[in-house]
Amino acid sequence: MSFVSVRGLDKHFPVRGAGWLSRRNRPAPVVRAVDGISFDIDRGRTLGLVGESGCGKSTVARCVTRLLAPSAGTIRIGDKQLDRLEGEPLRAARRDVQMVFQDPLAALNPRMSVERAVSEPLRLHTTLSPAEQRERVREILTEVGLRTDVMGRYPHELSGGQRQRVNIARALACAPSFVVLDEPTSALDVSLRARVILMLEELRERLGLTYLFISHDLATVKYLAQRVVVMYLGTVVEEADTDELFAHPRHPYTRALLAAVPVPDPKVRGEPFVLSGEIPSPLERHEGCPLRSRCPMASAICAQPVVPREVSPGHVVACHFA
Amino acid sequence: MSVVAQDVADDRDDDAIVAPTARWRRAARWLRRNPVSAAAIVVIGLLVFIAVFAPVLEPYKPDVPDPMAVLKPPSWAHPLGTDGFGRDVLSRIIDATTLDLSIALAATLVALSIGMVVGALSGYRGGWVDLIVLRLVDVLMAFPAFVLAMGITAALGNSIANVAIALSMTQLPAYIRLVRGEMLRVRTLEYAEAAVSIGNPSWRVALVHLLPNCLPPLTVQATLAMGYAVLTMASLSFIGLGIAPPQSEWGSMTADGATYMSTGEWWLFVFPGVAIVVTVLAFNLVGDALRDLLDPRLRGTR
């Protein structure tokens, strides 16, 4: 049985400002940010979640960590049914499920020193004495490659890379088993990205962590993840093991994403595979394939609802032509 | 080789570190450029000094009448003259400083602490809690501040504690609305989410993580409110709803002096009046200066 299991996750946001007059006649409009997502992650593995901005990746992250309450679906992490927890049990369950945010500066309280920020989870979830907490903070800071003399500093006094390391230290302080990484490197300098990625991988191996790694950067996903889920407009369009997905992308959207990655060899000419137009508004209810307005392969059948099919073992594609 | 250890040294460069000494130096430079604000800060320091050391500084006992020195104009013996009972006006003004400042301070602190907690929880929780709090605030705000203060002291009686309660009630709505507004802004920030995800209960997110980041505009409001509190208290005493005689208080001294206005004993109402004006002005100037410092966008506007 897999360690993390998400089934039929929905998150719909009501659209505000419709006015109370118009609300009488039709049901309140909703944005289907996440629309029936399912995935599993085995213990100690990394699942990559990719897609362009606005496809609902971060909403999935926030539902899985219960920063948002899902509209429907189940989320099981270890033996905890996270979607059913509320109040104090939910708060206690957060010890095992941590998140690293996209913007390292914004995710740190400007008025909390590094030591306070990193020791806070220990305060909340453990009965360690202040001296033991301090010791653990030193330990975890060293673990993420920071010198312990940053303990007294405030977020604005740190460099971008140091900030994200503090965020990672904070997430790992209580030794969680599952960590959601929401584009942890996208706000960092290119030169720092590789180091943070390598560090994350090293920590996963050493501490036996399970990651949900969210990114639009396919190169890092390829490096970190053993399995990849491709999202488009709140739905999963393709899911496969990393090697399989990068070698044999079947969904037109995945192929377009891969074609958009520049190849460092000028002699290699990838077939041009481009999507036209913009992402359609998530307000519109799409009956058939959500990609059909932009897809170069679209035809009449695409207006029919798509049923995901397993094209080869472990490789699932939601496309009529796959 | 470990990648982790490698970049400890070269990962600490891209942001300038603002040392605390530099911050003080910047403050000193700012004060040199704004002599009026600097003077106002000095005045407040002086007032606090007078308030604390009043018993030592008073040349005479403030409430002991001297039948031999009734209604004397300013002289070397009585620099600000004496009143109808022969009490030394300077001593009474000094004595009143303690009372006026401590009541204003107490009222401001009480209103500030209640307003902070109520506003923070209201803004963070939202929903029906927020709705009820806002409607109650609207009720308080519907009264002109002075009428509200009058009503409260008239209903409760004019003891020192009741005046303080009345003053804090007039201040309360401003704090609640300010903190609530700031809370609506900061609760959408990522560190609020991070605080939840780390496992903070919601009261801790609101009061420990977010409230401290809502405080800068409150310091401005509280400083301005100190001035208004002094003014409101003096006004209440002037119309007889504030501090009761024989306790010396600037407002009641002004009221007392006003009865002599037609007979020419000007020192009785001018000096306590000057004390009120100077105090209110000093707090307003410092409040304005704080606002300019905290929000550079407003600099130069009034």
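Contacts of A/Arg91 with chain B are made by both backbone and side-chain atoms, with heavy-atom separations under 4.5 Å. For a residue to count as touching a neighbouring chain, one of its non-hydrogen atoms must lie under 4.5 Å from one of that chain's; by this rule A/Val97 touches chain B with the backbone only.
Within the model, atoms CD of B/Glu190 and CG of A/Asp182 stand 7.5 Å from one another, a figure rounded to the nearest 0.5 Å. Atom-to-atom distance recorded for B/Tyr191:OH and A/Leu105:CG is 10.5 Å, nearest 0.5 angstrom. For the atom pair CE (A/Met99) and CD1 (B/Ile198), the distance works out to 11.0 Å, reported to the nearest 0.5 Å.
Considering all non-hydrogen atoms of both residues, B/Ala194 and A/Arg170 come closest at CB-NH1, 3.9 Å. Taking all atoms of both residues into account, the shortest heavy-atom contact from A/Arg94 to B/Gly199 is CD-CA, 3.8 Å.
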Handout entry: Evaluation steps, side chain to side chain contact (heavy atoms under 4.5 Å, CB included), between B/Val208 and A/Met112
Key = CA-CA 10 Å; B/Val208 177; A/Met112 276 197 181; 4.2 Å; yes
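The environment of NZ in A/Lys80 is crowded: more than 12 heavy-atom neighbours from other residues, nucleotides or ligands sit within 6.0 Å. B/Arg33 CZ: 12 or fewer foreign heavy atoms inside a 6.0 Å radius. The neighbour count for B/Tyr228 OH, taken as heavy atoms of other residues, nucleotides or ligands under 6.0 Å away, does not exceed 12. By the 6.0 Å contact criterion, CZ on B/Arg177 is open, its count of non-hydrogen atoms from other residues, nucleotides or ligands being 12 or less. In the displayed structure, A/Arg76 atom CZ is contacted under 6.0 Å by more than 12 heavy atoms of other residues, nucleotides or ligands. Residue A/Phe3 places its CZ atom among more than 12 non-hydrogen atoms of other residues, nucleotides or ligands, all under 6.0 Å distant. The environment of CE in A/Met151 is crowded: more than 12 heavy-atom neighbours from other residues, nucleotides or ligands sit within 6.0 Å.
For the side chain to side chain contact (heavy atoms under 4.5 Å, CB included) test with A/Asn109, the passing option among B/Asn213, B/Leu189, B/Val186 is B/Asn213; the others fail.
For residues 55-62 of chain A, a heavy-atom distance under 4.5 Å to chain B picks out A/Arg62, given by residue number.
With contacts defined as side-chain heavy-atom distances shorter than 4.5 Å, the pair B/Arg204/A/Leu124 qualifies.
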